[in-house]
Amino acid sequence: MSVGPKLALVVLVIFLVAGCGKQIDPNQPAGFIQIKGSDTIVNAVQKISEEFMKDYPYVFVAVTGGGSGVGIASLINKTCDVASASRQMKPKEIQIANQRGVFPKEFVVAYDGIAVIVNKDNPINKLTIGDLHKIYTGRATNWKEFGGKDLSIVTLSREVSSGTHMYFKEEVIQLGQKKSTEEFSAQTLLLTSSQAIVEEVVSNEAAIGYLGMGYVSERIKALLVAKDEQFYPPDVQNVIKKTYPLSRPLYFYTNGEPRDATKLFIDFALGPKGQQQFEETGFVPIGATIAQKNQ
Amino acid sequence: MHRRISEFIIESLIKFSGLLVIILVFLLFLFLLKDSLSLFGIYPLGKFLFGTHWLPISEPPKFGVIPLFLGSLYVTVGAIIICVPVGIASAMFIAEVAPKSLKHVLKSLVEILASIPSVVLGFIGIIWLGPVLRNLLGLNTGMCGLTGSLLLAFMALPTIISISEDAIVGVPRTYKEAAFGLGATRWQTLWRIILPSASSGIIAGVMLGIGRVIGETMVAMMVTGNSPVIPKSILQPLRTLTATIAGEMGEAVSGSEHYFALFAVGLVLFVIAFIINFIADAFLRRARK
């Protein structure tokens, strides 16, 4: 045996022995939590789980995005412990879940405003819900109609698996009317992530998109939105006061009452440390009253 | 005696591997068929095949596969128009024209091209190619069929180049010598003698390249905009079969109508890929004769 392989062997043994040193403390909670769902809050949930793992080193938390629909589907298919969602579960989904022996329990974990964003060179600063309705259903196709440049509007949306897509469809496309059968215009681009919407809006002057407030940055312009007359920006204050018209709660779902590690995680997310992470990633923490109601 | 036993074992193992592949393909087909047929119990076949709207989460949902099929068709045809001439020309150059030293460099570069992950190409499409095309052609958005076609053509090139190059190199030396003997120039020999003799192999390579294009998912999903619209031109956002499955499978609850509809889309894709491979195979067999 020459020096190289010997050295490698020694290093390997050291690693193996070092690994043995980190035995699980039987007094500490241990486990594995799989969280799937909303792309809107995936960054916030990732941060919370990192903080959580600092407090509980023997619980491993895996976070994946993909959209609220993905999370809810995997809760029903029993492939995740916690589903994060930016919309409520539909009665039909709860019914299917019950048939499979899954009984979803809902937690409101934070609030979010949906920002409508355009390119920074777009002169438009504000739109009403009615304007957005016209734009996204294809009734208005040029920025000129709203006092902007003579450019065809490029409408961007998230994929159908997105909770934000569902919310936007209910509130803007169907204007909150349950019986409405209006759809996004077929020309709407369906992009796979919120980040893809940001990139397209940054590079395309004619584009308009919508996404969770957490994704608003210096690179894009968030529009003021009005339901009737008064325009409000998408910020924490206006979401709390409910004056910003496009705001909604964000949810966690578990199968039945959460237990063991999952319970610890939910409590952590609703507690001060978890709420702080939501705040830092651009969401609105739930008030003390709602936190009490959840418990 | 000992040798005979070991030979028997090896022979059976090989036979088993061969049969296994066939059985797996067959099972895969059955699996797709079973779940697709479950859709047609609740959703009419005619509406699926000829429907012009793909609205999977509406009430009631509409699963018309036509926009998706046309989306895939536009992107694929676009990619073929771009990659076939370029691919065959590169193969001709590498096989017949390039000096030996350059030949080796080019061959390894083509192999590197084949190993670029599709998600990286998709990323380049979003960040660079899309905006460039938009400014160049004055489009509304760079997320359109053409961006997808260009990137997919790029992905199919290595397949087309390597198989065509093999076919060209495989043309017997004597053909070339005879042509030169009759006083043909290098170009005449290449164009009129070598290319026709290698045509079956080249067509097979092209077909395999097309198979790659139509089945590619990541790039299509990232750069084509995914609008489920019946495309009027390739410069418009469109939605492919593959991107639909990939984009929606995650949220479809297993056993729901939507879930089965995605399997039916998969079946359509399987049938298309099967036909293309079948044609490629027929040409390859002709080439061997």
Side-chain angles (χ1 to χ4, degrees), chain A residues 36-37 64-77 79 90 92-93 96-97 99-100 138 141 151-163 165-166 169 173-174 178-193 195-196 199-200 202-207, chain B residues 52-62 64 67 71 119 122-123 125-135 138-144 217-218 220-232 236-239 243-244 246-259:
Chain A
K36 279 190 194 168
T64 33
S68 306
V70 175
I72 289 168
S74 48
L75 187 76
I76 295 173
N77 295 337
T79 52
K90 290 181 264 183
K92 201 174 162 190
E93 286 169 336
I96 297 174
Q99 280 165 9
R100 306 218 177 159
T141 54
L151 278 172
S152 290
I153 303 176
V154 175
T155 49
L156 310 177
S157 166
R158 289 281 312 283
E159 270 286 356
V160 292
S161 59
S162 157
H165 174 110
M166 298 283 278
K169 185 173 164 184
I173 304 296
Q174 310 187 329
K178 287 239 148 55
K179 282 184 183 158
S180 166
T181 52
E182 294 228 49
E183 299 287 344
F184 277 96
S185 83
Q187 275 75 28
T188 304
L189 273 68
L190 302 178
L191 304 187
T192 44
S193 66
Q195 197 55 43
E199 295 304 333
E200 178 68 6
V202 167
S203 71
N204 190 342
E205 209 185 317
Chain B
T52 52
H53 293 281
W54 180 264
L55 300 167
I57 56 161
S58 300
E59 282 300 328
K62 285 183 183 162
V119 66
F123 193 63
I126 291 181
I127 301 295
W128 178 75
L129 186 62
V132 165
L133 281 179
R134 187 185 65 234
N135 294 332
L139 303 174
N140 283 331
T141 170
M143 300 217 170
C144 64
T217 307
M218 205 60 212
M221 188 158 77
M222 287 168 83
V223 304
T224 56
N226 300 327
S227 313
V229 61
I230 292 189
K232 290 192 194 77
Q236 201 182 329
L238 40 79
R239 189 177 183 88
T244 305
E248 295 173 13
M249 202 36 135
E251 64 118 18
V253 176
S254 66
S256 68
E257 208 175 356
H258 188 191
Y259 179 84

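Here is the naming used below: chain letters follow the sequence lines, and residue numbers restart at 1 for every chain.
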- Output the option from B:R239, B:M221, B:M222 having the highest count of non-hydrogen pairs under 4.5 Å with chain A. B:R239
- Item | Residues forming a side chain to side chain contact (heavy atoms under 4.5 Å, CB included) with B:S227, sequence neighbours excluded | A:L189, B:V229, B:P237
- Indicate yes or no for a side-chain donor-acceptor contact from A:E182 to the backbone of A:Q174 under 3.5 Å, with no hydrogens or angles considered. no
- Item | A:Q187 versus chain B, the contacting section by heavy-atom distance below 4.5 Å | both
- Query: Quick one: which residues of residues 69-77 of chain A reach chain B at under 4.5 angstrom, heavy atoms only?
  - Reply: A:G69, A:V70, A:A73, A:I76, A:N77
- Note on the structure: The reported gap from CG in B:L139 to CD in B:Q236 (rounded to nearest 0.5 angstrom) is 10.5 Å
- Message: To the nearest 0.5 Å, what is the distance between CD1 on B:I127 and CD on A:E200?
- Response: 10.0 Å
- Query: Just by modelled atom types, is the A:S185 backbone N or O under 3.5 Å from a matching donor or acceptor in the A:T188 side chain?
  - Reply: yes
- Item | A:L190 vs A:H165, side-chain contact (heavy atoms from CB on, under 4.5 Å): CA-CA, chis, key distance, verdict | CA-CA 9 Å; A:L190 302 178; A:H165 174 110; 4.2 Å; yes
- Note on the structure: Against chain B, residues from residues 151-163 of chain A with at least one heavy atom under 4.5 Å, in numeric order, are A:S152, A:V154, A:E159, A:V160, A:S161
- Task: With sequence neighbours excluded, tell me which residues meet salt bridge (Lys or Arg N to Asp or Glu O under 4.0 Å) with A:K169.
- Result: A:E183
- Task: Drop me the distance from B:I126's CD1 to A:T192's OG1, to the nearest 0.5 angstrom.
- Result: 6.5 Å
- Message: Other residues, nucleotides and ligands only: do more than 12 of their heavy atoms fall within 6.0 Å of NZ on A:K92?
- Response: no
- Query: Can you say whether B:I230 sits under 4.5 Å from chain A via the side chain, the backbone, both, or neither, judging by heavy atoms?
  - Reply: neither
- List the atom of B:P61, the atom of B:P56, and the distance in Å for their closest heavy-atom pair. CB-O, 3.4 Å
- Query: Which bit of B:I57 is near chain A, if near means a heavy-atom gap under 4.5 Å: side chain, backbone, both or neither?
  - Reply: both
- Item | Rounded distance (nearest 0.5 Å) linking atom CH2 of B:W128 with atom CG of B:L133 | 8.0 Å
